[in-house]
2 protein chains.
Amino acid sequence: MGGMTVVGICEDDPDVRRVLTDALKMGGHRVVIARNGREAVENLGRDSGVEVLVLDIGLPDADGRDVCHALRAAGQHAPVLFLTAFDAVHDRVSGFHAGGDDYVVKPFAISEVLVRIESLVRRARPQPESTSGLVLNPDRVSVHVGDREVTLTPTEFRLLAAIAVEPGSIVRRRTAVAAAWPDGAIVNENTIDSYIRRLRVKLALIDSPVELATVRGVGFTLR
Amino acid sequence: MGGMTVVGICEDDPDVRRVLTDALKMGGHRVVIARNGREAVENLGRDSGVEVLVLDIGLPDADGRDVCHALRAAGQHAPVLFLTAFDAVHDRVSGFHAGGDDYVVKPFAISEVLVRIESLVRRARPQPESTSGLVLNPDRVSVHVGDREVTLTPTEFRLLAAIAVEPGSIVRRRTAVAAAWPDGAIVNENTIDSYIRRLRVKLALIDSPVELATVRGVGFTLR
DNA sequence: GCGAACCTGCACAGCACCTGACTGCATGGA
DNA sequence: TCCATGCAGTCAGGTGCTGTGCAGGTTCGC
């Protein structure tokens, strides 16, 4: 709602930084600055309190989309506004593919950027399910804990997501199947067991602190 | 545990209806459909048998929240899961968290909706016995006292739940058997004794202050 | 002290689940 | 076009827990 928002900016051009910072402060927000990709990873990460990110695509040391990837991998799920140079509009698609939520083409009207930032904050989705260190990342179809990460297959991801919706409580077998195989597919009773096993192997690979446990006769749970 | 739940859906988009219905049926539930606000009031009311409601916020003829109000006014107290369009999320301030309800943003993952629905149902169901320090947790098929907890098997849980309905009062042997073995199964008279024993062992494991006592010739009780 | 009700420990069969490997299919690159 | 790769789903075989029943001991009421 109206209150102050913490905006993380990653932009190498001092002038653009200045304009953005001033405008945002005028609008009653706080700003955290990063001059390049390295600083972005350092200052704008998961626990930085940043609620929305503004990333320049054309950074000296990195592509803004890579920065986005890195931040996402580190558990930062704040919505992203990409700034792209006019002659790079075709990159727009890959920007979205990186998990970004909006883009603005340079040169931009500052008012437009402000409006979009606030719009992004408003529609920031409720935190993706993060479970005692286990973070599911839909953008990358992966799960990571700390700095270790494994990519999952789509089916693996749906299954784990279904079980992780409410850590600690048990998801019944039927429910898990219905959730992971949505289109009314009839799968062998045993199939889910295979996938559970695969998930366990992958979770072990990243030293997951949470265990994918079986509750015999009922279903599965995360603990 | 967990049997079938009757889910009422109010959604105008046929595709979304289809996806939800399929997934819910796969999950072992029954579904009652309403295509708009008018049908919702007609089909999903107090005596419809519906145990949980899924309401689209953006209906052609009405706001889903108004539908909710109308249903509530008509004595329908089932918990509600709202579906809201992505660009209308900021509307959620308008207080539908009120009744312990939930919401999901479109486009949604079916798995999330499924699990959330079942979670709502569980929470809404007769909140059992926190009396006497012993707490039964249907979510986890477990019982705990203080910070100590043991998980039970489904049969153990049903039996204990039957006896724990009202601590102090005596539950007849027959009654307990009927509750723990619902589908009229014929079990050896002695089988229940075995389960009582196991429950006693497990309760001792967590230093339960309440005792699972025998009332000779009548049944069992908690004290 | 006697019988019925109940407790206890154990044994066992079935089944839920685990495991590792395999097949078929789609995709993408050489 | 063909091959490599990876994903989805299946299968057969093994393992251990759960549910169940039995046999014998113990307690309670009379």
Side-chain angles (χ1 to χ4, degrees), chain A residues 97 140-143 150-163 170-205 211-223, chain B residues 1-2 26 28 111 140-143 150-163 170-205 211-223:
Chain A
H97 191 259
R140 314 189 53 186
V141 198
S142 71
V143 56
V150 278
T151 71
L152 306 175
T153 73
T155 305
E156 285 170 353
F157 188 89
R158 285 195 302 272
L159 180 56
L160 181 57
I163 298 174
I170 298 171
V171 176
R172 290 183 302 122
R173 233 176 142 77
R174 298 195 67 172
T175 309
V177 172
W181 287 269
D183 31 283
I186 302 150
V187 292
N188 191 312
E189 258 301 298
N190 194 338
T191 300
I192 188 175
D193 295 315
S194 290
Y195 277 90
I196 290 287
R197 170 168 163 66
R198 289 170 191 171
L199 282 175
R200 281 180 182 144
V201 170
K202 290 198 174 179
L203 287 180
L205 279 178
E211 180 194 2
L212 181 42
T214 301
V215 182
R216 195 165 235 272
V218 187
F220 301 95
T221 184
L222 235 43
R223 67 168 164 233
Chain B
M1 115 162 350
M26 287 279 292
S111 61
R140 319 191 50 188
V141 200
S142 71
V143 56
V150 279
T151 70
L152 308 174
T153 73
T155 305
E156 285 170 353
F157 187 91
R158 285 193 301 270
L159 179 56
L160 182 56
I163 298 174
I170 300 171
V171 177
R172 299 183 175 284
R173 247 182 129 83
R174 301 278 166 118
T175 312
V177 171
W181 288 269
D183 26 283
I186 306 145
V187 293
N188 190 310
E189 258 303 298
N190 188 289
T191 298
I192 189 175
D193 295 317
S194 291
Y195 276 90
I196 291 288
R197 170 170 161 65
R198 285 176 191 178
L199 281 176
R200 282 178 181 147
V201 169
K202 288 200 174 179
L203 288 180
L205 277 178
E211 182 193 1
L212 182 42
T214 301
V215 182
R216 207 183 169 78
V218 186
F220 302 94
T221 183
L222 280 181
R223 67 167 165 238

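Just so it is clear, the values below take in all heavy atoms, side chains as well, and ignore hydrogens, waters and symmetry mates. In this text, all values refer to a predicted model and were calculated from it rather than measured experimentally. Just so we're on the same page: letters track the sequence lines, and every chain starts at 1.
Take A:Thr221 and apply the side chain to side chain donor-acceptor pair (under 3.5 Å) test, not counting sequence neighbours, and it matches no residue. Among residues two or more places apart in sequence or in another chain, the salt bridge (Lys or Arg N to Asp or Glu O under 4.0 Å) test is passed with B:Arg174 by none. For A:Phe220, the ring pair (Phe, Tyr, Trp, His ring centres under 6.0 Å) criterion is met by no residue, not counting sequence neighbours. Not a single side chain to side chain donor-acceptor pair (under 3.5 Å) links B:Arg216 to another residue, sequence neighbours left out. The side chain to side chain donor-acceptor pair (under 3.5 Å) check on A:Thr155 picks up A:Arg158, with sequence neighbours excluded.
When the nearest nucleotides of DNA chain D are assigned to B:Asn188 and B:Lys202 by heavy-atom distance, the more 5′-ward of the two goes with B:Lys202.
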Inset, instruction - Scan nucleotides 9-21 of chain C nucleotide by nucleotide, 5' to 3', and note B when protein non-hydrogen atoms come under 4.0 Å of the base, S if they reach only the sugar-phosphate, - if neither. - result: B------BSBBBB

Inset, instruction - Apply side chain to side chain contact (heavy atoms under 4.5 Å, CB included) to A:Val177 and A:Val187, showing your working. - result: CA-CA 8 Å; A:Val177 172; A:Val187 292; 4.1 Å; yes

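Protein chain A contacts DNA chain D from D:dC7 to D:dT18, reading 5' to 3' and using non-hydrogen atoms of the protein with a distance under 4.0 Å.
Sorted by first and then second residue, the pairs that involve residues 184-194 of chain A and meet side chain to side chain donor-acceptor pair (under 3.5 Å), not counting sequence neighbours, are A:Arg173-A:Asp193.
Using a 4.0 Å heavy-atom cutoff across all strands shown, A:Thr153 reaches sugar-phosphate atoms only and no base atom.
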List the atom pairs, with distances to 0.1 Å, where a side-chain N or O of residues 196-204 of chain A and a protein N or O form a donor-acceptor pair under 3.5 Å, not counting sequence neighbours.
{"from": "A:Arg200", "atom 1": "NE", "to": "A:Leu212", "atom 2": "O", "distance (Å)": "2.8"}
{"from": "A:Arg200", "atom 1": "NH2", "to": "A:Leu212", "atom 2": "O", "distance (Å)": "3.0"}
{"from": "A:Arg200", "atom 1": "NH2", "to": "A:Thr214", "atom 2": "OG1", "distance (Å)": "2.7"}
{"from": "A:Lys202", "atom 1": "NZ", "to": "A:Thr151", "atom 2": "O", "distance (Å)": "3.1"}
{"from": "A:Lys202", "atom 1": "NZ", "to": "A:Glu156", "atom 2": "OE1", "distance (Å)": "3.0"}

